Amino acid sequence: MTAPEISNVRVRFAPSPTGYLHIGGVRTALFNWLFARHHGGKFILRVDDTDQARNVSDALQPIMDGFKWLGIDWDEGPEVGGPHAPYFQSQRSDIYAAAVEKLLADGSAYKDYSRPEEFAAERQAAEKEKRQFIYSRSWMAKTAADAARFEAEGREAVVRLKLPRTGQCEFQDMVRGAMSFAWAGEQDHVIQRKDGSCLYHLTNVVDDAAFEISHVIRAIEHLPNTPRQIFIARSLGLELPKYAHLPFVAEPGSSNKLSKRKLDKYLKNRDFKVLYDHGERIAKQIGFSAAPETFNPVIIDFYREIGFLPDAILNYLLLLGWSLDDHTEDFSREAMIRDFGLDRINKSPASFDPQKLTAFQSRYMWRLTLDQRLEMVLPYLEKAGLITTPVNEDSRSKVKQILEAANERLSCAGDILDYQEFFLTDEAIEYEEKAFRKRLVNANTQRELLKKLRKPLAETPEYSAHAIEALLRSFVEQEETGLGMIVHALRVALTGKAVGFGLFEILAILGKQSCMTRIDRAIKLAEEAASSNE
RNA sequence: GGCUCCUUCGUCUAGUGGUUAGGACUCGAGAUUUUCAUUCUCGCAACAGGAGUUCAAUUCUCCUAGGAGUCACCA
């Protein structure tokens, strides 16, 4: 498929300020952004706040923060301005009012004086008779005299589109091909309220033209809106953008559209729940509290808070409805921009898979250098109060050691908090009950071995993982036993846990002093428990 | 219900008029390993159904079924 020369690409993402950035919105924005960058065009952020009573700047901030964090930058819009400012619809009323006047003047729209209940009654009657509702236009003001008469009755007018009632609206969609809608299926949509404020379809079309938007790339739920928007644009004599309607992002394990309102339902999905719990665990430890409605895997802030990588998220989202070929999965930003195109977007919905997202995240995490991981992880330890702020050199080198020992065990930055035992005081170690019993209380031989090991361990001059390994190996050889006999007891004694990093590394990180204290304490507690058992 | 759309492993997807229908995630088994994780090897698993066109259909056409989106003085 050879793309025609596309020059002067201008695309936009137009969120309404809701206070959070939804994962599906991110994907739509990403596709727009990639398309712009691929073609050397402009990506514009426009704020669709025509109907917001709330504080727009408060509700917009999380959205912009989300994009900034993800590295999706906009060329025109809030904060950066641009040649078509303002980029807030709430500040563009005059432009919309002029457009309405123009539509009124040429008969593409009309003043409708029906009372809401009268209009509703017509609709209900149609529904009752199971026929398609078509407004009678009984209260349409055809002339100034009509208007005066209606107003004398105390009526107020909204402005409705006067849509054609025959024929087809045909257009080309870059994802879905030739589209055709019967005009008869359209309603006379309201474009301006009584108070003069304008509605979405009008503002959207007017602004897309004003901003010289070349391609409208948006979610499929807007497809049915397209004919009326085309009608507005044509009536206004505006040039039509090209349309590309993206399949929506579906719920995990279902083909329903992903929504922020169905958290309870998603929590019943095993994979979603795992991710959610993961995040909650981290949030709790760093003292971050937010309502589940704004802190969950559907909202982008969730990932930033627990230490995901923007590139991993983008890479995952890119592949939700788009692919390059049968094998390429890893896309750096440069590669995405280079390879992205509308022609390989899928038509069917793609469901959000928390496991696959996590898999991408783990992979990206592991690709970072040790120092990069260190910088990511440090803030979590600070927030959890496990290291002091500012971070001193001792902490840094210790955390570095931990990260080396951790290997690929951290899937995101917040996971460092799973290894608190390296930061707690020796007396604060809590033992997993089952492991403690199995490896120390009900394991006389192993406990005795541990006691015996104490001396050589205390006396060894070198306390590196390497030296400790040599020491332990020769120790078990002397005792004519296997490593397994000492490893588990020692791990539980030192960390309180049954599983964890390589044991020799654990010893080295803890240091001789801590190890001695912890071994002594564990033996003492185990012996007490053992004797009280008898 | 009207309109519009969608349908390849559980999930994301590749693909072709003739393929053992490919990859990734997940899952399972084995190997390695001091545990866990990693790593390695192997494996499970899909063309919604039915007609038609054709020597040949997962691929083209039609129908059916299922699923979805949307039907505001929201965006």
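Fair warning: this is a prediction, and the values are worked out from it, not measured in the lab. Reminder, nothing fancy here: chain letters follow the sequence lines and each chain counts from 1.
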Chemist: Is the backbone of A/Lys497 close enough, under 3.5 Å, to the side chain of A/Arg491 for a donor and an acceptor to pair up by distance?
Modeler: no

Chemist: Is the distance between the ring centroids of A/Phe13 and A/Phe67 under 6.0 Å?
Modeler: yes

Chemist: Does the A/Arg344 side chain pair with the main chain of A/Leu324, one donor and one acceptor, at a distance under 3.5 Å?
Modeler: yes

Chemist: Is there, by distance only and without an angle test, a donor paired with an acceptor across the side chain of A/Arg409 and the base of B/U38 below 3.5 Å?
Modeler: no

Chemist: May I ask you to verify if any side-chain N or O of A/Lys356 is less than 4.0 angstrom from the OP1 or OP2 atom of B/U13?
Modeler: no

Chemist: Cationic tip of A/Arg27 within the cone over A/Phe31's six-membered ring, i.e. under 6.0 Å and within 45° of the normal?
Modeler: yes

Chemist: Tell me whether the OP1 or OP2 atom of B/A14 has a side-chain N or O from A/Ser323 closer than 4.0 Å.
Modeler: yes

Chemist: Can you tell me if A/Asn407 touches the phosphate of B/A37, counting only side-chain N or O atoms and a distance under 4.0 Å to OP1 or OP2?
Modeler: no

Chemist: Can you confirm whether the side chains of A/Tyr200 and A/Asn225 place a donor and an acceptor under 3.5 Å from each other?
Modeler: no

Chemist: Expressed in whole Å, how much space separates the C1' atoms belonging to B/C9 and B/G22?
Modeler: 12 Å

Chemist: What integer number of Å spans the C1' atoms of B/A65 and B/C55?
Modeler: 31 Å

Chemist: Below 6.0 angstrom between ring centroids: does that apply to A/Phe119 and A/Phe133?
Modeler: yes

Chemist: When the P atoms of B/C40 and B/U26 are considered, how many whole Å apart are they?
Modeler: 13 Å

Chemist: Work out how far the C1' atom of B/U64 is from that of B/U7, and round it to whole angstrom.
Modeler: 13 Å

Chemist: Say we look at B/A29 and B/C44: how far apart would their P atoms be, to the nearest angstrom?
Modeler: 15 Å

Chemist: Taking only the side-chain heavy atoms of A/Asp353 (C-beta and beyond), determine which of B/G67, B/U39, B/U11 contains the nearest atom.
Modeler: B/U11

Chemist: Any side-chain N or O of A/Arg473 less than 4.0 Å from the OP1 or OP2 oxygen of B/U34?
Modeler: yes

Chemist: Can you tell me, in whole Å, how much space there is between the P of B/A14 and that of B/A72?
Modeler: 35 Å

Chemist: For the P atoms, the ones on B/A37 and on B/U32, what distance do you get once it is rounded to whole angstrom?
Modeler: 16 Å

Chemist: Counting just side-chain N and O atoms, does A/Arg193 come under 4.0 Å of either OP1 or OP2 of B/C74?
Modeler: yes

Chemist: So, does A/Arg344 get its side chain near the phosphate of B/U13, meaning an N or O under 4.0 Å from OP1 or OP2?
Modeler: no

Chemist: Enumerate all atom pairs, one protein N or O and one N or O from nucleotides 4-7 of chain B, separated by less than 3.5 Å.
Modeler:
| residue | atom | partner | partner atom | Å |
| --- | --- | --- | --- | --- |
| B/C5 | O2' | A/Arg176 | NH2 | 2.6 |

Chemist: Which value, in whole Å, describes the distance between the C1' atoms of nucleotides B/G50 and B/U58?
Modeler: 15 Å

Chemist: Both conditions, 6.0 Å and 45 degrees, for the charged tip of A/Arg228 above the ring of A/Phe231: are they met here?
Modeler: no

